[in-house]
Amino acid sequence: MLDTKVTELLNQQVNKEFYSAYLYLDFSNFCYEEGLDGFGNWYRVQAQEERDHAMLFVQYLLNNGEKVALETIEKPAVVPENAKMVLAEGLKHERYVTGLIHNIYDAAHSVKDFRTMQFLDWFVKEQGEEETNAEGLVKKYELFGDDPKSLYMLDNELGARVYSAPSLVL
């Protein structure tokens, strides 16, 4: 059995990951509505990833004999206004999620829950990649986004992203 506080934080993370999927699906829908299909595709893939992250936390809890506590997933608080805002909010959100993962890791470390720490190692690495990707998109948009031809090229680049399920072994 897992420590009570660690279990609580893992359950909260399930719901935070599902919220992330909602947020990115909302961003995707906005981008499609704006005619930025590549951006829409990129955030749809991002939503799929976040859903799978939630399911990894669910499976980890179940594998450790813990109950999964699903809560209501709130409507995203961010109302997209333009592509630049979507990218900036995406980066802000990834930094927030990184903090959540670090908080769980810290709680697991404080009770010497090495199994949970090992499970979270993948998420720590994944969040580093997520932040790097989000920062890269913001930088590209800042460099090229105001130029219609460059925006078109960036949109095409983002449209090429394909989904691949995470390869974490539980």
Side-chain angles (χ1 to χ4, degrees), residues 1-31 39-78 80 86-140 157-158 160-170:
M1 292 199 49
L2 301 176
D3 175 77
T4 304
K5 177 68 173 173
V6 171
T7 299
E8 179 184 324
L9 290 171
L10 290 167
N11 265 303
Q12 288 174 8
Q13 193 62 32
V14 168
N15 292 287
K16 298 291 186 180
E17 296 291 340
F18 280 128
Y19 174 83
S20 296
Y22 266 40
L23 178 66
Y24 291 143
L25 183 57
D26 195 44
F27 287 176
S28 174
N29 293 339
F30 172 80
C31 292
F39 283 75
N41 173 70
W42 200 91
Y43 277 106
R44 182 177 288 165
V45 170
Q46 198 66 19
Q48 290 172 306
E49 278 191 11
E50 301 303 341
R51 178 203 61 215
D52 282 353
H53 293 170
M55 295 306 295
L56 289 169
F57 280 99
V58 166
Q59 193 60 54
Y60 183 77
L61 285 162
L62 293 173
N63 287 352
N64 284 279
E66 299 295 340
K67 287 190 96 158
V68 177
L70 297 177
E71 301 293 335
T72 301
I73 308 300
E74 297 295 323
K75 179 180 177 177
V78 176
V86 166
L87 297 175
E89 289 295 328
L91 174 57
K92 180 178 171 185
H93 186 73
E94 288 302 334
R95 289 176 174 158
Y96 167 72
V97 173
T98 297
L100 295 171
I101 298 294
H102 289 176
N103 190 39
I104 303 167
Y105 200 101
D106 185 51
H109 182 264
S110 72
V111 294
K112 297 185 180 180
D113 180 352
F114 302 111
R115 183 176 10 179
T116 298
M117 290 165 57
Q118 184 178 26
F119 167 71
L120 292 171
D121 283 341
W122 183 87
F123 287 95
V124 170
K125 181 178 182 278
E126 173 70 7
Q127 280 309 120
E129 292 171 7
E130 296 286 9
E131 284 190 39
T132 297
N133 290 337
E135 288 170 354
L137 289 176
V138 168
K139 286 178 184 176
K140 284 180 180 181
E157 178 185 323
L158 297 180
R161 184 180 186 198
V162 294
Y163 177 70
S164 71
S167 58
L168 175 63
V169 178
L170 298 176

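Positions are given from 1, in the same order as the sequence printed here. These numbers were taken from a predicted model, which means no experiment stands behind them.
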Within the distance-only criterion (no hydrogens, no angle test), does the side chain of Asp3 pair as donor or acceptor with the backbone N or O of Lys5 below 3.5 angstrom? yes
Working to the nearest 0.5 angstrom, can you tell me the gap between Glu50 CD and Glu94 CD? 5.5 Å
Hey, mind stepping through Arg95 and Leu91 against side-chain contact (heavy atoms from CB on, under 4.5 Å) and telling me if it holds? CA-CA 6 Å; Arg95 289 176 174 158; Leu91 174 57; 3.6 Å; yes
Quick test of your reading of the model: are Lys139 and Glu135 salt-bridged, counting only N-O distances below 4.0 Å? no
With a sphere of 6.0 Å drawn around NE2 of His109, does it hold more than 12 non-hydrogen atoms of other residues, nucleotides or ligands? no
Show your reasoning for whether side-chain contact (heavy atoms from CB on, under 4.5 Å) applies to Phe18 and Met55. CA-CA 9 Å; Phe18 280 128; Met55 295 306 295; 3.9 Å; yes
Nearest heavy-atom pair of Asn11 and Ala69: which atoms, and what distance? OD1-N, 2.7 Å
Looking at CG of Leu120 and OH of Tyr60, how far apart are the two atoms once the value is rounded to the nearest 0.5 Å? 7.0 Å
Centroid-centroid under 6.0 Å between Tyr43 and Phe30 rings: no
CD on Gln12 to CG on Asn15, rounded to 0.5 Å: 8.5 Å
Do Gln127 and Glu131 have side-chain N/O donor and acceptor atoms under 3.5 Å apart? no
Taking the ring of Phe27 and the ring of Phe39, is the distance between their centroids below 6.0 Å? no
Looking at CG of Asp121 and CD1 of Ile101, how far apart are the two atoms once the value is rounded to the nearest 0.5 Å? 11.5 Å
Output for pair (Asn133 CG, Gln46 CD), nearest 0.5 Å, gives 7.5 Å
Does the side chain of His53 reach to within under 4.5 Å of the side chain of Trp122, using non-hydrogen atoms? yes
Looking only at heavy atoms, the pair that brings Arg51 and Ala21 closest together is N-CB, 3.9 Å
Testing the basics here: between Val14 and Ala54, what is the closest heavy-atom pair and its distance to 0.1 Å? O-CB, 3.6 Å
So, do Leu61 and Thr7 sit near enough that their side-chain heavy atoms are less than 4.5 Å apart? yes
Report yes if some heavy atom in the side chain of His93 is under 4.5 Å from a heavy atom in the side chain of Tyr19; otherwise report no. yes
Taking all non-hydrogen atoms of both residues into account, name the closest pair between Gly40 and Ser28 and its distance. O-OG, 2.7 Å
If I compare all heavy atoms of Tyr22 with all of Glu74, which pair ends up nearest, and what's the gap? CD2-O, 3.9 Å
side-chain contact (heavy atoms from CB on, under 4.5 Å) between Asn64 and Arg115, worked out: CA-CA 10 Å; Asn64 284 279; Arg115 183 176 10 179; 2.9 Å; yes
Look up atom CD in Glu130 and atom CD in Glu49, then write down how far apart they are to the nearest 0.5 Å. 5.0 Å
Ignoring hydrogens, what is the shortest heavy-atom contact between Asp26 and Pro80? Give both atom names and the distance. OD2-CD, 3.9 Å
Does the pair Leu10 and Ile104 meet the rule for a side-chain contact (heavy atoms from CB on, under 4.5 Å), with working shown? CA-CA 7 Å; Leu10 290 167; Ile104 303 167; 3.8 Å; yes
